[in-house]
Amino acid sequence: MATHSLTLPGHGQVDVTVDAYGAGHPFLLLHGGAGPRSVAGFAKTLAEGNHARVIVPTHPGFDGTHRPQWLTTISGLAQLYRALLDQLELVDVTVVGSSIGGWIAAELALLQSQRISSTILVDAVGIDVADQPVADIFSLTLAQLAERSYHNPERFRIDPASLSDSQRAAMAANRATLRTYGGTMTDPTLRPRLAAISQPTLVLWGESDGICTPDYGRAYAAAIPGARFALLPDAGHLPQIETPEPLRQLVWDFAETHATHRPATR
């Protein structure tokens with residue numbers, strides 16, 4: 001774990017906590033509202049299963065990290081991570097975003113950084129689809145959230161009575177941070193703006209996602225020129241937790257296909 005101090009034009013300094021795994025082809029892995037722990041296991045799986053360096057930042061405000069008062073938007077996070085890639089001097093980066101992390105990845109793709117060779121959106125939120133609304137996660141109980149998030153919710157259900165006061169406080173703080181950045185989990189301007197994405201994009205979706213349906217995912221892919229769409233069976237909103245190995249293979253194959261600064265290897 002390391003802390004990187006970044007400065008965005010017109011704003012002050014932001015400290016970003018970053019975990020890194022493995023070595024090789026660089027991946028920027030962006031977590032969703034469940035926090036960095038929701039992608040940590042997949043980061044290790046990807047790094048151990050391939051010649052990959054996986055960088056996992058914690059969005060400022062999550063897991064007790066500091067969020068400057070001015071940093072309140074998804075586009076602000078995208079600018080922050082473009083600055084992180086610049087500071088790390090990375091090239092040929094594959095950006096992988098889960099849920100709200102996918103929204104950040106989409107905004108990052110729109111910034112047209114030459115350091116990024118491909119983008120992978122995993123059950124991303126952010127666009128407005130009239131007949132496919134994103135679930136209001138802030139109104140759901142933990143049990144209801146599990147039902148909508150997983151293909152097999154019994155494996156991942158959390159008993160609220162088992163949580164300590166500190167765990168409850170941490171979850172509440174993360175939800176507050178998520179609401180600050182994401183609001184209703186959609187931006188009406190995003191879907192038409194996706195037409196400006198020029199880099200290769202893969203849209204992956206758990207077939208049992210009850211937060212945002214596969215049809216929502218198809219609409220996401222249709223809005224991005226040339227984007228591929230693929231369903232992941234036996235997975236819901238968090239395939240990196242439920243089906244990490246099939247997800248790893250799809251992610252690696254797409255990154256390898258569109259690599260620009262290394263020979264293709266398996």
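All values derive from a computational prediction rather than experimental measurement.
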Indicate, with yes or no, if the rings of H51 and H25 have centres closer together than 6.0 Å.
-> no
Answer yes or no: are there more than 12 heavy-atom neighbours, outside D136 itself, under 6.0 Å from its atom CG?
-> yes
Relative to each other, are the rings of Y81 and H59 parallel, tilted or perpendicular (30° and 60° limits)?
-> tilted
Sole candidate of L88, L108, L85 that passes side-chain contact (heavy atoms from CB on, under 4.5 Å) when paired with V93 | L85
Do H151 and F156 have ring centroids that are under 6.0 Å from one another?
-> no
Taking atom CG of D15 and atom OG1 of T3, what is their separation to the nearest 0.5 Å?
-> 6.5 Å
Pairs satisfying salt bridge (charged side-chain N to carboxylate O under 4.0 Å, His left out), at least one member in residues 190-206, at least two apart = E107-R193, D187-R193
Regarding S99 and D123, is there a side-chain donor-to-acceptor distance under 3.5 Å anywhere?
-> no
Apply side chain to side chain contact (heavy atoms under 4.5 Å, CB included) to the pair L204 and L247, showing each step before the final yes or no.
-> CA-CA 8 Å; L204 298 176; L247 179 64; 3.5 Å; yes
Measure from NZ or CZ of R179 to the centre of the six-membered ring of F138 and say whether it is under 6.0 Å with the direction within 45° of the ring axis.
-> yes
For the pair W103 and L190, evaluate side chain to side chain contact (heavy atoms under 4.5 Å, CB included) and give the outcome as yes or no after the intermediate values.
-> CA-CA 9 Å; W103 182 359; L190 178 60; 3.6 Å; yes
Stepwise, does the side chain to side chain contact (heavy atoms under 4.5 Å, CB included) test hold for L238 with F42?
-> CA-CA 11 Å; L238 301 168; F42 181 70; over 6 Å; no
Considering residues, nucleotides and ligands other than Q69, do more than 12 of their heavy atoms fall under 6.0 Å from its CD?
-> no
Report the relative orientation of the aromatic rings in W205 and Y220; use parallel for angles under 30°, tilted for 30 to 60°, perpendicular for over 60°.
-> tilted
Could you give all pairs that pass the side-chain hydrogen bond (donor to acceptor under 3.5 Å, both in side chains) test and reach residues 36-48, with sequence neighbours left out?
-> R37-D63
